[in-house]
Amino acid sequence: MAAAKNHYWEDVYALVRLIPRGRVSTYGAIADYLRLGSPRIVGWALNNCGHNPEDIPAHRVVNRLGELSGRVHFGTPTRMAELLLAEGVIVEDDKIKNFEKYMWHPLEELKEDADFE
DNA sequence: GTGATGACGCAGT
DNA sequence: GACTGCGCCATCA
């Protein structure tokens, strides 16, 4: 990440794109990695992303409970679940099954590549 | 410039 | 164990 800091949400998008297929992350993890200070900022950033799942896999970002809290922003209530299911993530009742197993921690995975600080 | 809102998270009850 | 309220920071009205 170049950490261009043009807009903090650019870093959010970059980090979301780094989420491997079949994995998911949380707003809190992203906010913590980017030092945003509040997970709400991540939510706002994704809301401002233009809703482009093909460009930004926002469907891989869920709240800390693994709930598809942002599904309503995907056009259809089931779009987000469909995208996750297509990647092999089991979604049950709008919640990710075995969420901890699919959880992707940026601080754990990118700690050595972290050039923020 | 102030108040309200939001794809959240945590502590307290 | 579930529900409620408050805090966090940035944007919009």
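Computation of the quantities below employed the complete heavy-atom set of this structure, encompassing side-chain atoms and omitting hydrogens, waters and symmetry-equivalent molecules. Each chain gets a letter, A, B and so on, in the order its sequence line appears, and its residues count up from 1.
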Could you state the atom-to-atom distance from CG of A/Leu65 to P of C/dC3 in whole Å? 12 Å

Would you say A/Tyr13's side chain and A/Ala45's backbone share a donor-acceptor pair under 3.5 angstrom? yes

Measure across A/Val62 and A/Phe99 and return the closest heavy-atom pair with its distance rounded to 0.1 Å. CG2-CE1, 3.5 Å

May I have all residue pairs that pass salt bridge (Lys or Arg N to Asp or Glu O under 4.0 Å) and include part of residues 57-69 of chain A, sequence neighbours excluded? A/Arg60-A/Glu87

For nucleotides 11-13 of chain B, tabulate all protein N/O to nucleotide N/O atom pairs closer than 3.5 Å, reporting atom names and distance.
none

Using modelled atom types and a 3.5 Å cut-off, is there a donor and acceptor pairing between side-chain atoms of A/Asp93 and backbone atoms of A/Lys95? no

Could you tell me whether the side chain of A/Thr76 and the main chain of A/Arg79 form a donor-acceptor pair under 3.5 Å? yes

d(OH, A/Tyr27; P, C/dG7) in whole Å: 23 Å

Taken to the nearest whole Å, CZ/A/Arg35 to C1'/B/dG9 is 16 Å

Roughly how many Å is it from CD1 in A/Ile30 to C1' in B/dG6, rounded to a whole number? 16 Å

Taking all non-hydrogen atoms of both residues into account, name the closest pair between A/His73 and A/Asn47 and its distance. ND1-OD1, 4.0 Å

Write down the atom of A/Ser25, the atom of A/Pro106, and the distance for their closest heavy-atom approach. OG-CD, 4.0 Å

For nucleotides 9-12 of chain C, give me every protein contact, N/O to N/O, under 3.5 Å, one pair per line with atom names.
none

Rounded to the nearest Å, what distance is computed from the CZ atom of residue A/Arg64 to the P atom of nucleotide C/dC8? 18 Å

Between the side chain of A/Asn98 and the main-chain N/O of A/Lys101, is any donor-acceptor distance below 3.5 Å? no

Provide, to the nearest angstrom, the distance between the CD1 atom belonging to A/Ile96 and the C1' atom belonging to B/dA7. 13 Å

